Amino acid sequence: MGRTEEPAQPWVILCLRTGWLLRLAPRLFLLRAQMWSVFRSHVLPFIRLYLLGLRVLLVQLLGGALKLPVMPRQDGKVVIVTGGSRGIGYEVVRHMATLGAHVIIGGRDEQEGLAAVRKICEQCKEAKVEFEKLDLASLQSVRDFAQSFNDRDLPLNILVNNAGVMLVAEGRTVEGFEQHFGVNYLGHFLLTWLLLDKLKDSGKRDSCSRVINVSSSAHCIGEIRLNDLNSCESYSAHAAYCQSKLAQLLFSSHLHQEMQHGGFPVSSSTVDPGMVNTTLYRHVWTPLRLAQSVIARILFRTPAEGAATVLSAALLAAPEGDDGGGYWANGHKEWTTPLTFDPQLQLSLWEVSLQLLGLQ
């Protein structure tokens, strides 16, 4: 007769299962860590940015349309506006020109820039507007632009750092910097640095020169990763964009303090123009872009409304006792996140930026 196999004892089954689970556990922990990393690096910035956009849009709608106050004449003033060929930048250039300022558009697309100049000159026969090639994704182009301007016998009263990119696919500038960080922040940092002497020489005690950095409310959910400013560890277009906008605020605030402490007649401000219907949103996730294109026409601010806060920060006289600078949104100065006032973070980013640009 054949032997009947005895059923395995419960303790044997338990041991076998426990051994299997022990072998599987490290893989489960690794998978969980990877999933959390993906969520934190990609999904969370995506969710936070779009929820923030919804909140900003609601505030805009409740606040009503922005009305541009009467601005003083700017005869004899010289203004540089980066990205001034379209959108908010174009409206800033157009309005500055109607006030008598000599405006120089710095832009990458020469054909588009010259078309903008022609259009403004057709609308205002006395306008003094010109275009100069400037590609903020190339530090050499920034240096060439600054050198060309510094060689001219012109003052510089207002510098509007307006150009930028948003939610672009992972890529690098000519010198190898992540695009949001390189274009939105580092290119403008270098441009401002190279033009700083002109700004100092052109300012007066009762009429200081002004640096206006066009940022975004996205700065309040940004995170500065000093050990990974180029987003090499993990790339998220949403996180990179927010980081670049926070970097602009930190730079602007530190620059303003440096100018005040040095006794120079230069102020530095940051502006959030709000949700504005421009081509900046063309890289938004495709399903959302289709909805955004419809919503923007109805609910977003027009480029002229978006330019209103930029113009207010650039042209309105500071109240008595106000040294200028600060953060502007919705047509006036506002408080923003405490992180932007962190002196150690400001200084650390400033010093790292100088090193990256070879300015130290």
Side-chain angles (χ1 to χ4, degrees), residues 38-57 60 82-83 86-89 108 135-137 161-173 175-189 213-253 270-289 291-293 295-296 300-301 306 310 327 329 336-337 339-340 345 349 352-353 356:
V38 170
F39 178 80
R40 186 177 183 279
S41 302
H42 296 83
V43 181
L44 190 58
F46 176 92
I47 294 172
R48 293 178 70 193
L49 184 57
Y50 287 106
L51 286 178
L52 174 67
L54 180 60
R55 188 187 70 172
V56 170
L57 186 57
Q60 283 187 191
T82 69
R86 59 184 173 185
I88 295 171
R108 185 174 57 180
D135 182 359
L136 288 159
N161 292 323
N162 164 75
V165 295
M166 184 174 77
L167 306 185
V168 294
E170 185 172 9
R172 293 289 182 263
T173 64
E175 286 78 15
F177 298 107
E178 188 277 320
Q179 288 192 84
H180 295 93
F181 180 72
V183 173
N184 296 350
Y185 170 69
L186 210 55
H188 281 129
F189 185 112
N213 296 286
V214 181
S215 185
S216 162
S217 57
H219 78 273
C220 67
I221 57 173
E223 177 185 355
I224 297 294
R225 295 166 291 181
L226 290 169
N227 60 343
D228 188 29
L229 290 170
N230 280 316
S231 304
C232 295
E233 293 180 5
S234 62
Y235 182 77
S236 161
H238 300 81
Y241 175 70
C242 295
Q243 176 183 243
S244 72
K245 291 302 172 182
L246 175 56
Q248 283 183 306
L249 262 83
L250 293 166
F251 159 69
S252 181
S253 180
T270 314
V271 174
D272 168 21
M275 303 281 282
V276 183
N277 186 16
T278 69
T279 58
L280 190 64
Y281 295 89
R282 64 187 180 277
H283 297 294
V284 168
W285 186 43
T286 303
L288 290 178
R289 187 171 70 248
Q292 180 270 331
S293 62
I295 295 171
F300 282 21
R301 286 174 177 159
V310 179
Y327 173 72
T336 184
T337 55
L339 188 61
T340 61
L345 185 58
L349 180 63
V352 169
S353 301
L356 291 173

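The shown structure was predicted, so the numbers you read here are calculated from the model rather than taken from an experiment.
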Side-chain touch Val214/Pro273, heavy atoms, less than 4.5 angstrom: yes
| So, do Thr337 and Ile221 sit near enough that their side-chain heavy atoms are less than 4.5 Å apart? | no
Sequence neighbours excluded, the answer for side chain to side chain contact (heavy atoms under 4.5 Å, CB included) partners of Ser244 is His180, Asn184, Tyr241
Residues passing the side-chain hydrogen bond (donor to acceptor under 3.5 Å, both in side chains) test with Ser217, sequence neighbours excluded, are none
Taken in chain and number order and not counting sequence neighbours, the residues that satisfy ring pair (Phe, Tyr, Trp, His ring centres under 6.0 Å) with Phe189 are Tyr185, Phe251, Trp350
CD1 (Ile224) and NE2 (His219) are apart, to the nearest 0.5 Å, by 11.0 Å
Across all chains, not counting sequence neighbours, the ring pair (Phe, Tyr, Trp, His ring centres under 6.0 Å) partners of His188 are none
- Query: Are the side chain of Thr82 and the backbone N or O of Ala163 linked by a donor-acceptor pair below 3.5 Å?
  - Reply: yes
Residues passing the side chain to side chain contact (heavy atoms under 4.5 Å, CB included) test with Gln60, sequence neighbours excluded, are Val56, Leu57, Met275, Arg301
Applying side-chain hydrogen bond (donor to acceptor under 3.5 Å, both in side chains) to Arg108 and not counting sequence neighbours gives none
One should read off an interatomic distance between Leu345 CG and Leu339 CG, to the nearest 0.5 angstrom, of 5.5 Å
Ser216 meets the side-chain hydrogen bond (donor to acceptor under 3.5 Å, both in side chains) criterion, sequence neighbours left out, with none
Original post:
For Arg55, does the CZ atom have more than 12 heavy-atom neighbours from other residues, nucleotides or ligands under 6.0 Å away?
Top reply: no
Value for CD (Gln248) from OG (Ser253), rounded to nearest 0.5 Å, stands at 13.5 Å
By side-chain hydrogen bond (donor to acceptor under 3.5 Å, both in side chains), Asn162 pairs with (sequence neighbours left out) none
Would you indicate whether the side-chain heavy atoms of Leu49 and Leu167 approach each other to under 4.5 Å? yes
Flag, side chain of Asn213 to backbone of Ser252, donor-acceptor distance under 3.5 Å: no
Can a donor-acceptor pair be found, under 3.5 Å and without considering hydrogens, that links the side chain of Gln243 to the backbone of Leu229? yes
Of all heavy-atom pairs linking Phe181 and Asn230, the shortest is CD2-OD1, 4.1 Å
All heavy atoms of Thr270 vs all of Ser215, minimum pair found to be CG2-CB, 3.3 Å
With sequence neighbours left out, the residues meeting ring pair (Phe, Tyr, Trp, His ring centres under 6.0 Å) with Phe177 are none
Sorted by chain and residue number, the side chain to side chain contact (heavy atoms under 4.5 Å, CB included) partners of Arg86 (sequence neighbours excluded) come out as Glu112, Thr279, Arg282
d(Leu349 CG, Leu246 CG) to nearest 0.5 Å is 8.0 Å
Taking every heavy atom of Thr336 against every heavy atom of Tyr327, the minimum-distance pair comes out as CB-CD2, 3.7 Å
Rounded to the nearest 0.5 Å, the CD atom of Gln179 sits from the OG atom of Ser231 at a distance of 11.5 Å
For the backbone of His238 and the side chain of Arg48, can you confirm whether one donor and one acceptor N or O come within less than 3.5 Å of each other? no
